[in-house]
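Contents: one structure, followed by commentary.
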Amino acid sequence: MRIRRLSGETMQSKSDLQQLAFEALDSFQIEVPSWGFANTGTRFGKFLQAGAASTLEEKFSDAGQVHKLTGVTPTLALHVLWDLPNGTADAGTVHDLANKYGVAAGSINPNLFQDQEFKFGSLCNPSKEIRERAIAHMLDSVAIARKLGSRDISLWLPDGSNYPGTQSIRRRIEWLEEALQKTHKKLAPNQRLLIEYKPFEPAFYHTDIADWGMASHLAAKAGPQARVLVDTGHHYATQNIEQIVAWLLHSGMLGGFHFNDRRYADDDLTLGSIDPYQIFRIFHEIQLSGRKVLSQIAFMIDQSHNLKGKMEAMVQTVVTAQELWLKAALVDRPRLERLQDQCELVAAEELFRGAFWNDVRPVLREWRKLRGLPEDPLAALAESGYVQRVSAERGGKMAPVTSYA
Ligand code: PSV
Ligand code: MN
């Protein structure tokens, strides 16, 4: 098989292939979410897990264990109200935990969806006073991120309305533009504001940032350090996500991802569990853009597992992400381009999906071995006895539910 290195030239030998694979794996890291280790549930009920993390230290410990086993999850996404209730005053604790468990603080996620005062919206609330409080929370989040050395402030805005005519969609756009501009002004030069979109839930008629067009517009209005965040679960069932990704890459607006899988709505299922080919197609679009763009894309997981073991699910997710990333790296892009130009439809499609059907697991095992990592992280997790140990330690207190993701 002929393949293309990330740097561009075509290679053929087995060792070239291995080098390409290793380069691709070395270039891929993914952030884990603190809330993925905590007890979560649906609006119908929660099934608690003895090993679920309830304290920030337990979340760092779990993330540290995932990083130890996989070697590619060096950062932990933090949610302000859930993890940093005292704001910047918690920075010292976070630094200590980061040092202790070998995982740094990652993106900082403001929380504008829990307080009672945000019942009718936060940044888009008709009350100026409430909007100002929501903006203050955004500015606090920027300050927290700055103190922790986090590059990204990652905003998901739950605002919207449930019935036609009950809110002014237009005025809310203006309020939003103003709020995001104010937030952007406080960013340090190395910081970014990521704007996530979602079509519905919790609002069921209109959501203020419902799709990538709205998010892109708001990011452009906010300022040069704002970008769009794509959560794979935040699309209508038939949407072509890789096409959205291609457009965002083309316009320089892609800032990051929240990866998860879904069958119906925002289901928070394990990445690649329902449609691994979709993630492969997204990764292909990203890899077409080359190395320089890669450093500008934050890869994050946004999942919460109610039934699966949380640690097992997280390790399984990371391993799946690596497999799909590697498969996408094996697409012979120069050849694909030629076939596309010649409109050799079947040959192009076969080449593309042929890369998807590669069994890359042996290469991944080799890569892990050479980097001193367990060849099979899931098996190593089982052998480590970590889940049993923390379940015994934490089980007695049965951690409370911290979110309904
Ligand atoms: C909203 O559904 C969301 O995707 C946002 O990213 C939140 O921060 C996260 O879920 C909370 O679980
Ligand atoms: Mn998300």
Side-chain angles (χ1 to χ4, degrees), residues 30-43 46 52-53 59 63 75-84 105-115 118 121-123 134 137-138 140-141 144-145 150 152-160 183 192-204 207-212 214-215 218-219 227-236 239 241 244-245 248 254-271 279 282 297-306 310 313-314 317 321 401-405:
I30 193 160
E31 182 164 306
V32 293
S34 70
W35 54 97
F37 300 110
N39 270 325
T40 51
T42 68
R43 62 200 162 107
K46 311 102 211 170
K59 292 171 188 174
T75 53
L76 177 67
L78 299 172
H79 233 288
V80 176
L81 290 193
W82 301 336
D83 299 319
L84 304 148
S107 63
I108 299 302
N109 295 251
N111 187 317
L112 295 171
F113 48 88
Q114 269 186 205
D115 284 359
F118 297 146
S122 57
L123 299 175
H137 180 76
M138 289 299 295
D140 285 348
S141 303
I144 293 169
S150 294
D152 294 331
I153 293 89
S154 187
L155 170 71
W156 168 66
L157 188 78
D159 293 17
T183 307
R192 307 190 307 172
L193 175 64
L194 303 184
I195 303 176
E196 184 174 355
Y197 58 89
K198 178 172 175 173
F200 67 91
E201 197 202 26
F204 292 114
T207 295
D208 288 291
I209 313 179
D211 66 25
W212 71 279
M214 299 174 204
L218 289 165
R227 296 281 183 281
V228 177
L229 184 139
V230 178
D231 183 318
T232 44
H234 294 186
H235 299 86
Y236 295 112
Q239 262 178 305
I241 302 177
I244 294 172
V245 170
L248 289 171
L254 183 66
F257 282 94
H258 275 178
F259 282 112
N260 48 58
D261 212 336
R262 49 78 71 81
R263 181 68 184 84
Y264 299 102
D266 187 18
D267 305 338
D268 271 336
L269 301 181
T270 311
L271 170 136
I279 304 295
I282 292 173
I297 303 175
F299 293 102
M300 301 182 258
I301 295 166
D302 185 3
Q303 293 172 184
S304 70
H305 301 97
N306 304 330
K310 289 165 196 303
M314 200 60 82
T317 300
V401 173
T402 55
S403 75
Y404 301 85

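Predicted model only: the values in this text are computed from it and were never measured. Order of listing sets the numbers, starting from 1, for every ligand and every atom in it.
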**Prompt:** If we ignore angles and hydrogens, is there a donor and acceptor under 3.5 Å between the side chains of Thr40 and Asn306?
**Reply:** yes
**Item:** Side-chain donor-acceptor pair present, Asp83, Trp35, cut-off under 3.5 Å
**Value:** no
Quick one: which ligand 1 atoms are inside 4.0 Å of a heavy atom on [X]?
X	result
His79	7 (C), 8 (O), 11 (C)
Trp35	11 (C), 12 (O)
His234	1 (C), 2 (O), 3 (C), 4 (O)
Asp231	4 (O)
Asp266	2 (O)
His258	6 (O)
Lys198	1 (C), 2 (O)

**Request:** Please test Glu196 against Ser154 for side-chain hydrogen bond (donor to acceptor under 3.5 Å, both in side chains), starting from the C-alpha separation and ending with a verdict.
**Result:** CA-CA 7 Å; Glu196 184 174 355; Ser154 187; 4.7 Å; no
**Asked** Taking the side chain as C-beta and beyond, is there a heavy-atom pair between Leu269 and Tyr264 under 4.5 Å?
**Response** no
**Request:** May I ask you to test the Met300-Pro33 pair for a side-chain heavy-atom distance under 4.5 Å?
**Result:** no
**Message:** For a quick test of reading the model, state the closest non-hydrogen atom pair linking Pro199 to His234 and the distance between them.
**Reply:** CD-O, 3.3 Å
**Complete:** Between Ser122 and the options Asp159, Asn111, Asp208, the side-chain hydrogen bond (donor to acceptor under 3.5 Å, both in side chains) test singles out Asp159
**Request:** Keeping the roles fixed (side chain from Arg262, backbone from His235), state whether a donor-acceptor pair exists under 3.5 Å.
**Result:** yes
**Protein N, O or S atoms under 2.8 Å from the Mn ion (ligand 2)** = 4
**Request:** Using the side chain to side chain contact (heavy atoms under 4.5 Å, CB included) rule, pick out the option among Asp266, Asp211, Ile209, Leu157 that qualifies with Lys198.
**Result:** Asp266
